[in-house]
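Every number for a ligand or one of its atoms is a count from 1 in the order of the listing. Here the structure is a predicted model, which is why all the values come from computation and not from measurement.
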Amino acid sequence: MTRVLLVAGARPNFVKVAPVLRALGAYPKFETKLVHTGQHYDDAMSKVFFEELGLPDPDIHLSAGPGTQARQTAKVMVAFEEVVAAQSPDLVVVAGDVNSTLACSLVVSKAVVPLAHVEAGLRSHDRSMPEEVNRLVTDSLAQILFTTSSDANENLLREGHPLESIHLVGNTMIDTLSKHEAAARKRAIRAELGLPPGGYLLVTLHRPANVDGPEKLRAILRALAEAPLPVVFPLHPRTEKTARDAGLSNLLDKAGATRPLGYLDFLSLQMSAAVVLTDSGGVQEETTALGVACLTLRENTERPVTISHGTNRIIGANPARILPEVNRVLEEPPSPRERPPMWDGRAGERIAAVLDRLF
Ligand code: UD1
Ligand code: UDP
C-alpha cells in the first residue's frame with residue numbers, strides 16, 4: 001500500500017481536493033487519509049462543502065483555526081508534524097496557496113517525505129500577497145508539481161524546476177464544477193432571492209487589500225449600492241467582520257450582502273449572473289469555465305489564462321472604477337470561449353494516473 005495524506009484547510013481547498021480523493025480511491029494501492037487543518041471552521045466555510053461535494057469526514061482534524069500569518073502557519077505546522085510522525089506517509093499532497101498549504105509543505109520537507117502540489121506554478125509576481133509567498137515556497141519544496149495551465153509550466157521551468165517534475169493535468173476546481181453543474185442549475189436560490197435570470201451582479205471579496213480597511217470597504221459598498229442591477233454579495237467572514245466593526249451594517253444591506261453560500265447555491269448564482277465582481281482566485285476560474293463575465297478587483301492575477309482564454313478582466317482595486325467597468329461590460333459582454341486546455345473535468349484522474357506511475 002502507498003500511504004497518502006491529502007491536506008485541505010480552507011474553502012477553496014475542499015473544492016480542489018474532492019476530485020483528487022475520488023480519483024485516488026479508484027486505485028486499491030493508495031490508502032489515502034484526508035487531513036483537515038481547521039484553517040476554515042464555520043459550517044458555511046467548511047461543513048457545507050463536505051456535504052455538498054460528497055467528501056467523507058476528515059480522517060484527521062488539526063483544529064488550527066484563525067491567527068496572524070505566523071501564528072496560523074505555526075499552529076498547523078506543530079499539529080501536522082505529529083501527524084506525519086504518527087502516520088509515516090509515503091506521500092503528502094497539498095493544494096492551492098493558503099497558509100495550510102505552506103505549513104504542511106514545510107513539515108513534510110523536513111520529514112523527508114515526498115510532496116506533491118496541486119495547482120503549482122501560478123505566479124502573480126506580487127509578494128505583498130501571502131498567497132504568492134505560499135506558492136513560491138511550496139513549489140520550491142515539492143518534487144511533484146501538478147499544473148492547471150501552460151503559463152504555470154513556463155513559470156516553473158524559468159525558476160529552474162526540472163521538466164520531469166512538472167505535470168500539466170488541468171484544473172481540479174473545474175472537475176468539481178463539471179460534476180456539480182447540473183445539480184447547481186436546478187437550485188432555487190436565484191428565485192428565492194428574487195433575482196432576474198441574467199440580470200444581477202454577484203460579488204465576492206475577501207482580500208485584505210480590499211476588505212481589511214473600513215474606508216476602502218465603505219467605498220466599495222457605496223459603489224455596489226448604486227449599481228444599475230440588483231446585487232447579491234455573499235460575505236466572507238473576514239469581510240463581514242470589518243464591516244460590522246466599522247458600523248457598516250446599513251450599507252451592507254444596500255449592497256446586497258448575504259451569508260456565505262454553499263457551493264451549489266454559489267455556483268448556481270454564478271451561472272446566471274450578468275457580471276461577477278470578485279477578488280477570488282477560484283471564482284476567476286469558475287467564471288472562465290462558465291463563460292460568465294468577470295471583473296477582478298485586483299491589480300494583478302496569478303491566473304492569466306482566465307484573461308487569455310476566459311471572460312475575466314482585471315479592473316484594479318480602485319472602488320471608483322467599479323460602476324464604469326460594470327456599465328462597460330454590460331454594454332459589451334465578452335463572448336464565451338472554449339474552456340482552457342484540460343479544464344475538462346478529468347484533472348483528478350490525471351493526477352492519480354501520474355501518482356500511480358510514480359509510486
Ligand atoms: C484564506 C487564504 C486565502 C483564500 C481564502 C479563501 C491565507 C493566507 N489566506 O483567507 O488565500 O483565498 O482563505 O476563502 O491562507 N473566519 C471565520 N470563520 C472561518 C474562517 C475564517 O470567522 O471559518 C474569519 C476569522 O476572523 C479569521 C479571518 O476570517 O481570522 C481570516 O481567515 P483566514 O483563514 O486567516 O484567511 P482568509 O481571509 O479566509
Ligand atoms: N464559494 C462558495 N460560496 C461563496 C463564495 C465562494 O461556495 O459564498 C466557492 C467558489 O465557488 C469557489 C471557492 O468557493 O469554488 C472559492 O473560494 P474563495 O473565493 O474563498 O478562495 P480563493 O479561490 O480566492 O482562494
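- With respect to the salt-bridge test (charged N to carboxylate O, under 4.0 angstrom), the residues E181 and R339 qualify.
- Close approach to F49 involves these atoms of ligand 2, each under 4.0 Å from a residue heavy atom: 2 (C), 7 (O).
- Heavy-atom proximity to P234, at under 4.0 Å, picks out these atoms of ligand 2: 8 (O).
- Close approach to G262 involves these atoms of ligand 2, each under 4.0 Å from a residue heavy atom: 7 (O).
- Of all non-hydrogen atoms in T138 and L115, the two that sit nearest each other are O-CD2, 4.3 Å.
- The existence of a salt bridge linking R123 and D97 is excluded, since no basic side-chain nitrogen approaches an acidic carboxylate oxygen closer than 4.0 Å.
- Heavy-atom distances between R207 and ligand 1 reach below 4.0 Å in at least one pair.
- Looking only at protein heavy atoms, the nearest one to atom 18 (N) of ligand 1 is D42 OD2, 2.9 Å.
- Using a cutoff of 4.0 Å between basic side-chain nitrogens and carboxylate oxygens, E131 and R135 are not scored as salt-bridged.
- The closest protein non-hydrogen atom to atom 36 (O) of ligand 1 is R238 NH1, 3.5 Å.
- The atoms of ligand 2 that sit less than 4.0 Å from any heavy atom of Q270 are 11 (O).
- Of the heavy atoms in S280, both backbone and side-chain atoms come closer than 4.0 Å to ligand 2.
- In terms of polar-atom proximity, defined here as any N/O pair under 3.5 Å, H236 makes no such contact with ligand 2.
- Counting the atoms of ligand 2 from 1 in the order shown, those under 4.0 Å from a heavy atom of V15 are 15 (O).
- Contact atoms of ligand 1 toward M45: 23 (O) (distance under 4.0 Å to a heavy atom of the residue).
- Here's the thing with L261: one of its N/O atoms is less than 3.5 angstrom from an N/O atom of ligand 2.
- Contacts between R207 and ligand 2 below 4.0 angstrom, taking non-hydrogen atoms only, involve the side chain exclusively.
- In this structure, R207 contributes its side chain and D279 its backbone to a donor-acceptor pair below 3.5 Å.
- By the 3.5 Å distance cut-off applied to N or O atoms, F266 is not counted among the residues near ligand 2.
- Atom 27 (C) of ligand 1 has P66 CB, 3.8 Å as its closest protein atom, hydrogens excluded (heavy atom only).
- Nearest protein heavy-atom neighbour of atom 17 (C) of ligand 1: Y41 OH, 3.1 Å.
- Side-chain contact check for V7 versus T101: every heavy-atom pair is 4.5 Å or farther apart.
- Under a cut-off of 6.0 angstrom, the local environment of CZ in R259 is sparse, with at most 12 non-hydrogen atoms contributed by other residues, nucleotides or ligands.
- Remark: ligand 1 and Q39 share an N or O pair separated by less than 3.5 Å (distance only, no angle test).
- Checked by distance only, ligand 1 and N134 stay at 3.5 Å or farther apart across all their nitrogen or oxygen atoms.
- In this structure, atom 6 (C) of ligand 1 lies nearest to the protein heavy atom P12 CD, 3.5 Å.
- Between R127 atom CZ and E132 atom CD the span is 7.0 Å, to the nearest 0.5 Å.
- The contact set between ligand 2 and G282, taken as ligand atoms under 4.0 Å from a residue heavy atom, comprises 22 (P), 23 (O).
- Checked for salt-bridge contact, E240 and R244 meet the test: a charged N lies under 4.0 Å from a carboxylate O.
- Remark: minimum distance from atom 12 (O) of ligand 1 to any protein heavy atom is reached at H206 NE2, 2.8 Å.
- Salt bridge absent: E349 and R22 never bring a charged side-chain N and a carboxylate O closer than 4.0 Å.
- Nearest to atom 10 (C) of ligand 2 among the protein's heavy atoms is E286 OE1, 3.3 Å.
- The protein atom (non-hydrogen) at minimum distance from atom 11 (O) of ligand 1 is E131 OE2, 2.5 Å.
- Counting only heavy atoms of the protein, atom 4 (C) of ligand 2 lies nearest to R11 NH1, 3.3 Å.
- Taking 4.0 Å as the cut-off between side-chain N and carboxylate O, R3 and D90 count as a salt-bridged pair.
- The protein heavy-atom contact nearest to atom 20 (C) of ligand 1 is H40 CD2, 3.4 Å.
- Aromatic ring centres of F14 and H36: separated by under 6.0 Å.
- Ranking protein heavy atoms by distance to atom 25 (O) of ligand 2, first place goes to P12 CG, 3.4 Å.
- Look at K179 and D175 and you find no salt bridge, because none of the NZ, NE, NH1 or NH2 atoms lies under 4.0 Å from a carboxylate O.
- Considering backbone and side-chain atoms alike, N99 places an N or O below 3.5 Å from some N or O of ligand 1.
- Taking 4.0 Å as the cut-off between side-chain N and carboxylate O, R303 and D151 do not count as a salt-bridged pair.
- Atom CD of E81 has 12 or fewer neighbouring heavy atoms from other residues, nucleotides or ligands inside a 6.0 Å radius.
- The neighbour count for R346 CZ, taken as heavy atoms of other residues, nucleotides or ligands under 6.0 Å away, does not exceed 12.
- The residue among H180, M173, H206 with a heavy atom at the shortest distance from atom 18 (P) of ligand 2 is H206.
- Where the criterion is an N or O separation shorter than 3.5 Å, residue side chain and backbone included, P260 fails it with respect to ligand 2.
- The shortest N or O to N or O distance between T204 and ligand 2 is not under 3.5 Å.
- Counting heavy atoms from C-beta outward, H206 and P237 have side chains that stay 4.5 Å or more apart.
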